[in-house]
Amino acid sequence: MQIYGIALEKGGVGKTSVAVNLAAAFSKVNLRVLLIDLDAQAHATSWLGVRPDAVRPEDSMLGIVQGRPLRSCVQPSPAGFDLLPAHPAMASLPVQVAGALNSGLFLLQDALVQASTPTPPYDVIILDLAPARGPVLATALSAMTRCIAPVQPEDLVLQSLRALTDSVRAAQRVNPRLRGLSVLRNRYAPRSAGDQIYDATLRETYAGSLLQTILPVRAALRDAAGMQQTVFAYGGSDAPEVRALFLNLVEELITLDGGV
């Protein structure tokens with residue numbers, strides 16, 4: 001079982017877009033997938049057509065903190081994979097995680113281990129994280145097998161990427177299954193001179209961590225979100241190109257990690 005965390009300590013870089021569509025792409029290759037929404041803004045939950053205010057707080061990550069089994073909180077989504085939804089009350093999640101045993105460091109890891117006994121129900125689990133450093137990121141990093149950071153061509157993203165790199169390295173001391181950080185270039189305009197300069201800086205600093213798949217700026221990603229659909233359900237003219245890119249990303253990750 002692979003556990004991918006989609007994280008960056010900066011908002012607006014497309015984490016939820018990557019998380020939702022990557023989950024859909026893994027399910028399209030006949031893998032059993034769970035998406036866990038760890039952001040109180042509940043964008044992934046809403047994207048999948050689930051109203052956050054219709055979710056009981058105890059059916060979100062808040063229930064896991066309180067000791068509820070993961071399986072009792074999960075629900076199917078119309079996109080073909082399962083969802084642990086978010087609730088606005090998760091604004092208190094950092095405090096509650098920090099107050100758990102061992103400061104909540106192994107809270108999510110323990111919940112996923114228990115859910116996998118006796119038989120793992122999922123091949124892939126994807127964590128959609130809020131743009132913040134703190135206890136929630138720490139418990140997610142302790143459970144991940146790989147952290148994926150979507151980045152856009154902006155200077156502030158480089159600062160956040162450096163901070164996340166430090167967080168991943170620290171987490172590897174307690175989570176030997178965490179292979180490291182992979183950088184995913186998102187919302188790129190390949191012909192833009194500015195984006196090319198930014199990309200050269202990324203290649204110089206993160207050459208060993210850059211994923212080969214690059215997600216360009218495409219209307220399908222924006223419009224599919226507005227329609228509460230993944231790009232695999234959305235019928236826009238550029239959707240086939242974006243679908244192919246996410247399937248390429250799935251293949252790249254499976255190759256990197258030696259299967260699922």
Nearest-0.5 Å distance that lies between atom OH in Tyr234 and atom CG in Asp238: 7.5 Å

Separation between OH of Tyr206 and OG1 of Thr201, rounded to the nearest 0.5 Å: 11.0 Å

4.5 Å side-chain heavy-atom contact, Val242 and Phe232: no

Main-chain N/O of Ser182 paired with Arg146 side-chain donor or acceptor, under 3.5 Å: no

Test item: Ser160 and Val151 side chains (from C-beta on) under 4.5 Å apart, heavy atoms: no

Backbone N/O of Leu211 and side chain of Arg185: donor-acceptor pair under 3.5 Å: yes

Single-linkage hydrophobic cluster Val113~Met61, side-chain heavy atoms < 4.5 angstrom: no

Spacing of CG belonging to Leu249 relative to CD1 belonging to Ile214, to within rounding of 0.5 Å: 11.5 Å

Candidate pair Leu247 and Val29, rule side chain to side chain contact (heavy atoms under 4.5 Å, CB included), full reasoning: CA-CA 8 Å; Leu247 290 172; Val29 296; 4.2 Å; yes

Sub-4.5 Å side-chain heavy-atom contact between Val50 and Gln75: yes

Backbone N/O of Gly63 and side chain of Glu58: donor-acceptor pair under 3.5 Å: no

Any side-chain heavy-atom pair of Leu181 and Leu161 under 4.5 Å: yes

4.5 Å side-chain heavy-atom contact, Ile125 and Val33: no

4.5 Å side-chain heavy-atom contact, Leu34 and Phe81: no

Residue pair Ser142 / Asn175, side-chain donor-acceptor N/O under 3.5 Å: no

Worked check of side chain to side chain contact (heavy atoms under 4.5 Å, CB included) between Leu105 and Val97: CA-CA 8 Å; Leu105 187 60; Val97 169; over 6 Å; no

Between CZ on residue Arg56 and CZ on residue Arg68, distance to nearest 0.5 Å: 5.5 Å

Any donor-acceptor pair under 3.5 Å from Gln228 side chain to Ser46 backbone: yes

Donor-acceptor side-chain pairing of Gln2 and Arg179 below 3.5 angstrom: yes

Minimum heavy-atom distance Phe26-Ile254, with the two atoms named: CE2-CG1, 4.1 Å

4.5 Å side-chain heavy-atom contact, Met144 and Tyr4: no

From Leu70 atom CG to Asp82 atom CG, the distance as rounded to the nearest 0.5 Å: 9.5 Å

Beyond-backbone contact of Arg71 with Pro121, side-chain heavy atoms, under 4.5 angstrom: yes

Atom of Pro57, atom of Leu62 and distance for their closest heavy-atom approach: O-CB, 3.5 Å

Minimum heavy-atom distance Pro52-His87, with the two atoms named: O-CD2, 3.3 Å

hydrophobic_cluster_shared for Leu31 and Leu256, side chain cutoff 4.5 Å: yes

Lys15 bridged to Asp39 by N-O distance under 4.0 Å: no

Val55 backbone acceptor or donor facing Asp59 side chain under 3.5 Å: no

Identified side-chain contact (heavy atoms from CB on, under 4.5 Å) partner of Val18 from the options Leu221, Val13, Leu184, Asp128: Leu184

Atom pair CD1 (Ile36) and CG (Leu83), whose distance is rounded to the nearest 0.5 Å: 9.5 Å

Backbone N/O of His43 and side chain of Thr16: donor-acceptor pair under 3.5 Å: no

For Asp37 against Met90, the heavy-atom pair lying closest together: O-CE, 3.5 Å

Side-chain donor/acceptor of Arg187 to backbone N/O of Leu215, under 3.5 Å: no

Distance-minimising heavy-atom pair for Leu108 and Ala140: CD2-CA, 4.0 Å

Under 3.5 Å: donor-acceptor pair, side chain of Asn186, backbone of Gln152: no

NZ/NE/NH1/NH2 to OD/OE distance under 4.0 Å, Arg218 and Glu241: yes

Result of checking Leu35, Thr139, Ile6, Leu38 against Leu127 for side-chain contact (heavy atoms from CB on, under 4.5 Å): Leu38

Polar side-chain atom of Ser167 near backbone of Ala163 as donor-acceptor pair, under 3.5 Å: yes

Check against side chain to side chain contact (heavy atoms under 4.5 Å, CB included), Met1 and Asp123: CA-CA 5 Å; Met1 181 173 68; Asp123 301 303; over 6 Å; no

Worked verdict on Ser60 versus Leu84 for side chain to side chain contact (heavy atoms under 4.5 Å, CB included): CA-CA 6 Å; Ser60 71; Leu84 177 65; 5.6 Å; no

Donor-acceptor under 3.5 Å (Ser17 side chain, Gly14 main chain): no

Contact summary for Ala79 and Ser27, nearest pair of heavy atoms: O-OG, 4.0 Å

N-O pairing of Arg162 and Asp166 below 4.0 Å: no

